[in-house]
Amino acid sequence: MVGTANNGRLRLAFSLVNGSQDLDLSSAPASNAGSECGGIEFTREDVEALVNEKMKYKNKFNYKERCENMMEYIKRLRLCIKWFQELEGEYAFEQEKLRNALELTERRCSEMEVVLNNKEEELNLIILELRKSLASLQDKLAKEESEKKAAVDSLTKEKEARTSIERSQASLSEELEKVQGELDGANQRIASINDMYKLLQEYNSSLQLYNSKLQTDLDTAHETIKRGEKERSAIVENLHTLRGQHKSLQDQLMSSIASQDEVMKQKDALLNEVACLRMELHQTREDREHYQQQVQSLAAEVSKYKELATNSSELEEKCLSQGNQIQILHDQLAVAERKLQMSDMSIFETRNEFEGQKKLIEELQNRLEDAEFKLIEGEKLRKKLHNTILELKGNIRVFCRVRPQLPDDSSSNQAKVFSYPTSMEYLGRGIDMTQNAQKHSFTFDKVFMPDASQEEVFVEISQLVQSALDGYKVCIFAYGQTGSGKTYTMMGKPGQPDEKGLIPRSLEQIFQTKQALQPQGWRYEMQVSMLEIYNETIRDLLSTNKDASRIENGVAGKQYTIKHDANGNTQVSDLTIVDVQSSREVKYLLDQAAHSRSVGKTQMNEQSSRSHFVFTMRITGVNESTEQQVQGVLNLIDLAGSERLSKSGSTGDRLKETQAINKSLSSLADVIFALAKKEDHVPFRNSKLTYLLQPCLGGDSKTLMFVNISPESSSAGESLCSLRFAARVNACEIGTPRRQLNMRTSES
């Protein structure tokens with residue numbers, strides 16, 4: 001059950017159980033493995049040694065000692081299984097905890113995205129405030145320029161009116177003209193600054209458009225995140241789709257981070273431009289201080305003239321007010337720079353926090369995958385131990401399969417009759433049936449729900465079919481009422497490869513394994529026979545004489561007798577046995593037998609099997625290198641369905657067929673009840689069916705029964721009877737399977 005490629009991981013799982021390594025000190029549950037098992041822990045070597053342990057007896061005829069040893073061995077196996085169940089529960093708990101942690105981190109990521117959006121809105125508000133401040137500054141500068149022009153005009157008029165009086169002050173007037181030229185240069189510089197402000201406005205508008213694009217991208221990212229949250233509800237059903245969506249979300253987040261980096265670069269460019277503007281403003285400030293000094297010198301020289309003095313004082317006040325306004329602008333720029341730095345720091349912190357959360361999510365996903373792998377390996381080992389215990393106990397294994405609803409089923413039959421427990425102990429093994437408001441619970445080795453495929457069913461029995469090549473006797477038969485899907489389970493639907501039944505799939509696996517074992521020196525010979533039991537009469541389905549076993553004119557045709565030898569081998573006299581070499585030959589024989597089998601129409605089933613179909617393959621294998629010889633038998637049986645005359649409406653020949661079918665199935669029930677009670681006499685000879693199945697039910701073979709159930713509420717009574725019968729069969733002990741292995745002699 002456990003391949004060699006997984007030895008490393010399986011060994012890791014055992015080391016984790018023994019406490020040598022912890023997944024996470026903060027999140028891993030405290031190991032309580034062995035709390036109910038007396039503190040005993042198992043390694044893989046212990047389990048393999050326990051499974052492969054062979055009983056040694058001092059005296060072969062001391063049955064009491066053998067029984068005690070067997071009971072002790074079964075107790076150890078149960079202890080091991082209980083330990084594995086506790087370990088499985090811990091893994092399930094840890095898996096749930098990891099899922100909760102994953103959801104928590106995803107919530108944190110969404111909260112971080114909200115914080116980023118809020119900070120972006122704050123940055124947009126800051127940019128709007130800066131734009132408003134720039135507009136107000138432009139207005140103030142325009143007013144100051146108009147006032148300066150008015151003052152210069154007044155000064156020029158006064159100079160022209162008093163040129164005759166101020167000839168002595170010609171040098172002063174020349175200096176004033178120089179000052180006026182310098183003022184014109186300053187005005188030109190201010191005009192260039194205004195142009196720069198206009199360029200900044202255009203650049204800010206482009207930034208606003210780019211921010212709007214970023215906002216739309218973020219909205220699309222939010223929409224994709226919401227879709228991911230909706231799809232996250234299906235994370236248990238499909239983990240692969242979640243990983244794909246997570247990768248796509250990561251790509252989108254990376255693209256948003258890249259766009260944020262571009263915005264940061266643009267912000268850096270803006271900061272550089274602001275620095276340049278600060279330098280230019282500082283230069284204009286120095287120029288204005290120089291102008292103030294010149295004006296002061298002029299005021300000192302023309303102090304004799306009161307009117308000029310008053311005008312110069314007004315100019316000084318205006319220059320001082322302009323200097324104060326420039327200082328206010330510098331302060332506002334410094335505040336804006338501080339805000340930009342704070343926003344950059346917050347963005348850097350949120351980015352680091354987001355990367356940390358992303359790493360935590362990846363770590364949690366890896367731990368979740370490891371936990372799932374350990375659960376799968378533990379389930380495989382549990383199945384192996386369970387099969388070993390069943391083989392040692394000698395019980396008949398029972399699989400239950402519920403047929404899906406068919407289009408022909410009436411609408412009144414849509415009431416829910418069956419339910420399936422979801423607890424860890426009964427998951428995949430339990431089935432609950434409700435009839436007349438009363439609940440009936442059953443537990444089998446495996447329960448297949450209506451949506452189970454033929455491939456899933458065959459996987460569960462593939463190892464049992466493999467046992468036939470290993471030298472064991474294997475018997476698989478389908479039981480249930482008519483129309484419950486027995487023939488579909490065993491034979492499948494003709495012409496549809498995906499819906500092949502257990503018999504075709506088993507034959508394909510046997511021939512594939514035969515080819516795979518040839519390099520190891522194994523050579524196999526296979527023989528096939530097929531018969532049906534119709535009205536307590538055996539018919540050879542491969543006979544070239546089609547009427548050899550049919551009844552004509554009240555006289556029976558060819559008679560077949562069943563014989564069992566001392567080794568538990570069954571022979572049917574005069575039965576056609578065909579040597580086969582490939583699955584294609586067997587498929588041809590199956591088609592021939594299907595055309596020869598008795599099929600009829602009833603009110604419960606369009607194509608109802610009116611006989612018990614028995615497929616037998618005898619396998620003889622020889623290993624040329626080790627001289628070992630094995631003899632195995634594979635019996636695959638499709639029983640006729642039980643039915644009630646009140647529902648089937650059978651008359652004439654169909655009535656006789658129904659009576660014969662119900663009689664043989666009741667004989668099978670009598671045999672099962674006798675085996676369950678361990679009676680001395682088991683009535684195998686009451687019918688041809690039970691006498692043919694005697695080695696399978698009371699010998700040393702591996703036996704598996706499929707109980708097929710109809711989901712219709714009108715068939716609830718028959719379904720309950722079938723489930724109760726299957727529970728009785730599952731409780732029967734028929735003995736430990738024995739392998740037919742011996743050494744080949746020179747005579748053979």
Side-chain angles (χ1 to χ4, degrees), residues 399-410 413-414 418 446-462 464-465 476-512 528 530-532 534 541-542 580 582-617 634-643 648 661 704-712 715 718-719 722:
F399 287 178
C400 176
R401 187 178 190 185
V402 181
R403 173 178 66 78
Q405 288 281 353
L406 300 177
D408 296 337
D409 295 341
S410 58
N413 295 331
Q414 297 299 324
F418 296 102
K446 183 67 178 178
V447 174
F448 297 100
M449 290 187 285
D451 57 351
S453 63
Q454 296 280 65
E455 177 67 23
E456 294 175 1
V457 175
F458 177 72
V459 167
E460 294 293 332
I461 70 160
S462 58
L464 186 62
V465 174
I476 303 174
F477 63 95
Y479 176 89
Q481 71 180 94
T482 182
S484 59
K486 300 182 299 302
T487 303
Y488 175 76
T489 298
M490 299 303 293
M491 300 297 296
K493 188 175 292 186
Q496 297 188 11
D498 294 339
E499 298 188 25
K500 290 184 294 187
L502 301 184
I503 295 178
R505 292 177 186 270
S506 299
L507 297 175
E508 289 178 358
Q509 176 180 331
I510 285 175
F511 284 104
Q512 289 174 1
V528 169
M530 302 182 201
L531 61 88
E532 69 172 351
Y534 175 78
L541 297 178
L542 300 181
V580 292
S582 65
S583 59
R584 184 177 300 176
E585 296 178 11
V586 183
K587 183 179 182 300
Y588 172 76
L589 296 176
L590 283 173
D591 294 338
Q592 179 182 345
H595 289 299
S596 302
R597 189 179 179 187
S598 300
V599 178
K601 179 180 179 181
T602 66
Q603 293 181 3
M604 297 182 68
N605 194 356
E606 277 295 321
Q607 293 182 343
S608 176
S609 300
R610 312 308 295 168
S611 64
H612 306 301
F613 172 73
V614 180
F615 172 90
T616 302
M617 173 179 279
L634 178 62
N635 292 310
L636 302 173
I637 303 169
D638 178 18
L639 298 178
S642 60
E643 58 186 43
S648 64
I661 292 169
L704 169 67
M705 185 185 85
F706 269 94
V707 56
N708 292 83
I709 304 299
S710 174
E712 300 179 26
S715 302
E718 290 82 354
S719 299
S722 298

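We use all heavy atoms of the structure for the numbers below, so side chains are in, but hydrogens, waters and symmetry mates are not.
Between E585 and L589, every side-chain heavy-atom pair lies at or beyond the 4.5 Å cut-off. Between F511 and V580 the shortest side-chain heavy-atom distance falls below 4.5 Å. Here the side chains of F615 and M490 are not in contact, with every heavy-atom distance at 4.5 Å or above. Between L590 and M530, the closest side-chain pair of non-hydrogen atoms falls below 4.5 Å.
Rounding to the nearest 0.5 Å gives a distance of 10.5 Å between CG of L507 and OG of S582. One finds the CD atom of Q512 at 7.5 Å from the OG atom of S583 (value rounded to the nearest 0.5 Å).
Every residue two or more places apart in sequence or in another chain that forms a side-chain contact (heavy atoms from CB on, under 4.5 Å) with S722 is listed here: Y479, V707, I709. Residues passing the side chain to side chain donor-acceptor pair (under 3.5 Å) test with S719, sequence neighbours excluded: none. With sequence neighbours excluded, no residue satisfies side chain to side chain donor-acceptor pair (under 3.5 Å) with E456. For Q454, the side chain to side chain donor-acceptor pair (under 3.5 Å) test picks out R401, with sequence neighbours left out. Annotation: ring-ring contact (aromatic ring centres under 6.0 Å, His included) contacts of F706 (sequence neighbours excluded): F399.
Considering all non-hydrogen atoms of both residues, S710 and F418 come closest at O-CE1, 3.5 Å. Listed here is the closest heavy atom pair of N708 and G485: ND2-O, 3.4 Å. Contact record, S506 with V465: OG-CG2, 3.5 Å, taken as the closest heavy-atom pair. Nearest heavy-atom pair, L542 versus V528, reported as atom, atom and distance to 0.1 Å: CD1-O, 4.1 Å.
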Table please: side-chain donor-acceptor pairs of residues 491-504 below 3.5 Å, with sequence neighbours left out.
from, atom 1, to, atom 2, distance (Å)
E499, OE1, Y488, OH, 3.2
K500, NZ, E508, OE1, 3.1
K500, NZ, E508, OE2, 2.6

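A donor-acceptor contact shorter than 3.5 Å links the side chain of H612 to the backbone of A640. Side chain of Q509 to backbone of S462: a donor-acceptor contact under 3.5 angstrom is found.
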